[in-house]
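Proteins get letters first, then strands, A, B, ... in listed order; numbering begins at 1 in each.
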Amino acid sequence: MNKAKKENLINITEFQSDLVQWFQEEQRDLPWRKDKNPYKVWVSEVMLQQTRVDTVIPYYNRFLEKFPTIEAFADADEEAILKIWEGLGYYSRVRNLHSAVKEVVSEYNGIVPDTKEEISKLKGVGPYTAGAVLSIAYGKPIPAVDGNVMRVLSRILLITDDIAKSSSRKVFESAVERLMYHDNPSYFNQALMELGALICTPTSPSCLLCPVREHCQAFENGVQEELPVKTRKKKTRHEDILAVVLKNEEGKILINKRPEEGLLANLWEFPNLKIVPLLDPWETLQDFLSTEYLLDASIEQHSFTEVRHVFTHLTWTIDAYEGRLKSGEVDEYGSLRFVTEEELEELAFPVSHQKIWRAYKEQKR
DNA sequence: GAGACGTGGGT
DNA sequence: TACCCAAGTCT
């Protein structure tokens, strides 16, 4: 059955009003729903990418307290923007947002562009975020297709395209365009997502509470649990890592700034390396410090903690050692820096290295 | 187009 | 334990 035929099976006008009326009555009271300021909407949408609402709320509130206006954020330095994002993950989001905001301030007089064409040129603004900002902040009838929308529409319209494939997004965007409630695109897009979050959940959807169940082809056929079709990704690889918390005679701690591209870009970390198979860890670490960093350190024989950390595509097991070193003339050398404990806690570290730091302090007391 | 890119929570 | 998920984007 083709798409046009399938959509003839639902009454679009009734679907729109049932959905939007439900949203008006049942929507959650979320901080970013108090204000349609395009900058604030934009910040919330970037934070919500691949991230749960409950996780985002405190970050969103802190972010706008620190950077209340688009100009305030444009003026921030990178250390500050990473620190406020610390623990949220996908750190390129905040670096792209910062770059994009600076462009809006310099090229658009601080006004977030209101066309798909222009807003999509900004870093970190893909098809979803463009549609979300344009519809929520500017009331434009542009689709905002995220995972919720694909799940909801796959069920309502019995769409069986594999949502794990990037090519499927356009199928759902076309569907949203045909279903769009032009009287209130903001509510329509948000209602689709809210329905996915509250009712039309990935497992055990609450069909009996669903405001649009009479329009749902999956419910009609009892196949809501079989949709959406989504192929699974292959499993993650693993890395064993040696890390060291090194203190000099002044009590300052050696940290390293990660490269500006790739995993955890520009975040700080304790010096570390991948374990070399078959070699003694302690000797490997000692050798690494002397040959790579030209540091003469004495390392404890046994690690003080083992940290396991799981990423989406990778897992780390980090054995962390403690050590001391003599020379402390310079505070900076390349990507290395000696900092006090207070300074360290003002810098942005990935969660894996925060775990090392917490274990270190715990072991000290 | 497949893989990189984080983290915390749920089953 | 071992997945899978959560308001995606970039390369």
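Side-chain atoms of A:R93 stay outside donor-acceptor range of the base of B:dC5, with no qualifying N/O pair under 3.5 Å. For A:Y90 against B:dG6, a side-chain N or O and a base N or O form a donor-acceptor pair under 3.5 Å. Looking at A:T55, its side chain has no donor and acceptor atom pair within 3.5 Å of the base of B:dG8.
Side chains of A:R358 and A:T305 form no contact here, defined as non-hydrogen atoms less than 4.5 Å apart. In this structure, the side chains of A:D146 and A:Q49 stay at 4.5 Å or more apart for every pair of heavy atoms.
Closest to the A:S166 side chain, of the nucleotides C:dC5, B:dA2, B:dT7, is B:dA2. Taking only side-chain atoms of A:Y91, from C-beta outward, the nucleotide of C:dG8, B:dT7, B:dA4 with the closest atom is B:dT7. Picking from B:dT7, C:dC10, C:dG8 the nucleotide with the shortest atom distance to the side chain of A:N96 gives C:dC10. Of the candidate nucleotides B:dT7, C:dA6, C:dG8, B:dT7 has the atom lying nearest to any side-chain atom of A:V351. Relative to the side chain of A:T312, the nucleotides B:dG8, C:dT9, B:dT7 differ in distance, and B:dT7 lies closest. Listed nucleotides: B:dG9, B:dT7, C:dG8. Nearest to the side chain of A:R52: B:dG9. Nearest nucleotide to the side chain of A:K165, out of C:dC5, B:dA2, C:dT9: B:dA2.
Using a 4.0 Å heavy-atom cutoff across all strands shown, A:S167 reaches sugar-phosphate atoms only and no base atom. Among the atoms of the strands shown, none is found under 4.0 Å from any heavy atom of A:G196. Residue A:R95 is out of contact with every strand shown, counting any heavy-atom pair closer than 4.0 Å. Within 4.0 Å (heavy atoms only), A:V46 reaches no atom of the nucleic acid at all. Using a 4.0 Å heavy-atom criterion, one finds that A:L88 contacts the bases of the nucleic acid, with or without backbone contacts as well. A:V149 comes within 4.0 angstrom of nothing in the nucleic acid, heavy atoms only. Within 4.0 Å of A:L30, counting heavy atoms only, lies at least one base atom of the nucleic acid. Across all strands, A:R308 comes closer than 4.0 Å to no nucleic acid atom at all (heavy-atom distances). Within the nucleic acid shown, A:R258 has no heavy atom closer than 4.0 Å to any nucleic acid atom. Within 4.0 Å of A:W32, counting heavy atoms only, lies at least one base atom of the nucleic acid. Using a 4.0 Å heavy-atom distance criterion, A:T129 is classed as a sugar-phosphate-only contact. When heavy atoms are screened at a 4.0 angstrom cut-off, A:K230 is found touching the sugar-phosphate backbone but no base atom. Using a 4.0 Å heavy-atom distance criterion, A:T51 is classed as a base contact.
Surrounding NZ of A:K252 are more than 12 heavy atoms belonging to other residues, nucleotides or ligands, all under 6.0 Å away.
Rounded to whole Å, atom P of C:dG8 lies 8 Å from atom CG of A:L48. Taking atom CG on A:L227 and atom P on C:dC5, their separation rounds to 13 Å, with Å as the unit. When rounded to the nearest whole Å, the span between CZ of A:F311 and C1' of B:dG6 equals 7 Å. Between A:K170 atom NZ and C:dG8 atom P there is a gap of 19 Å when expressed in whole angstrom units. Atom CG of A:L267 is separated from atom C1' of B:dC5 by 12 Å (rounded to the nearest Å). The CZ atom of A:R169 sits 12 Å away from the P atom of B:dG1 (whole-angstrom rounding). Rounded to whole Å, atom P of B:dT7 lies 13 Å from atom CH2 of A:W85. One can place CD of A:E261 at 10 Å from C1' of C:dT11, the figure rounded to the nearest angstrom.
One finds no side-chain N or O of A:H309 lying less than 4.0 angstrom from the OP1 or OP2 phosphate oxygen of B:dG6. Regarding contacts with the backbone of C:dA6, every side-chain N or O of A:Q50 stays at 4.0 angstrom or more from both OP1 and OP2. Phosphate proximity of B:dC5 to A:H313: present, with a side-chain N or O under 4.0 Å from OP1 or OP2.
Taking the six-membered ring for Trp, A:Y181 and A:Y187 have ring centres at least 6.0 Å apart. Ring-centre distance between A:W357 and A:Y360: below the 6.0 Å cut-off. Checked against the 6.0 Å centroid threshold, A:Y293 and A:F288 count as a close aromatic pair.
Remark: A:E346 does not engage A:K83 in a salt bridge, criterion side-chain N to carboxylate O under 4.0 Å.
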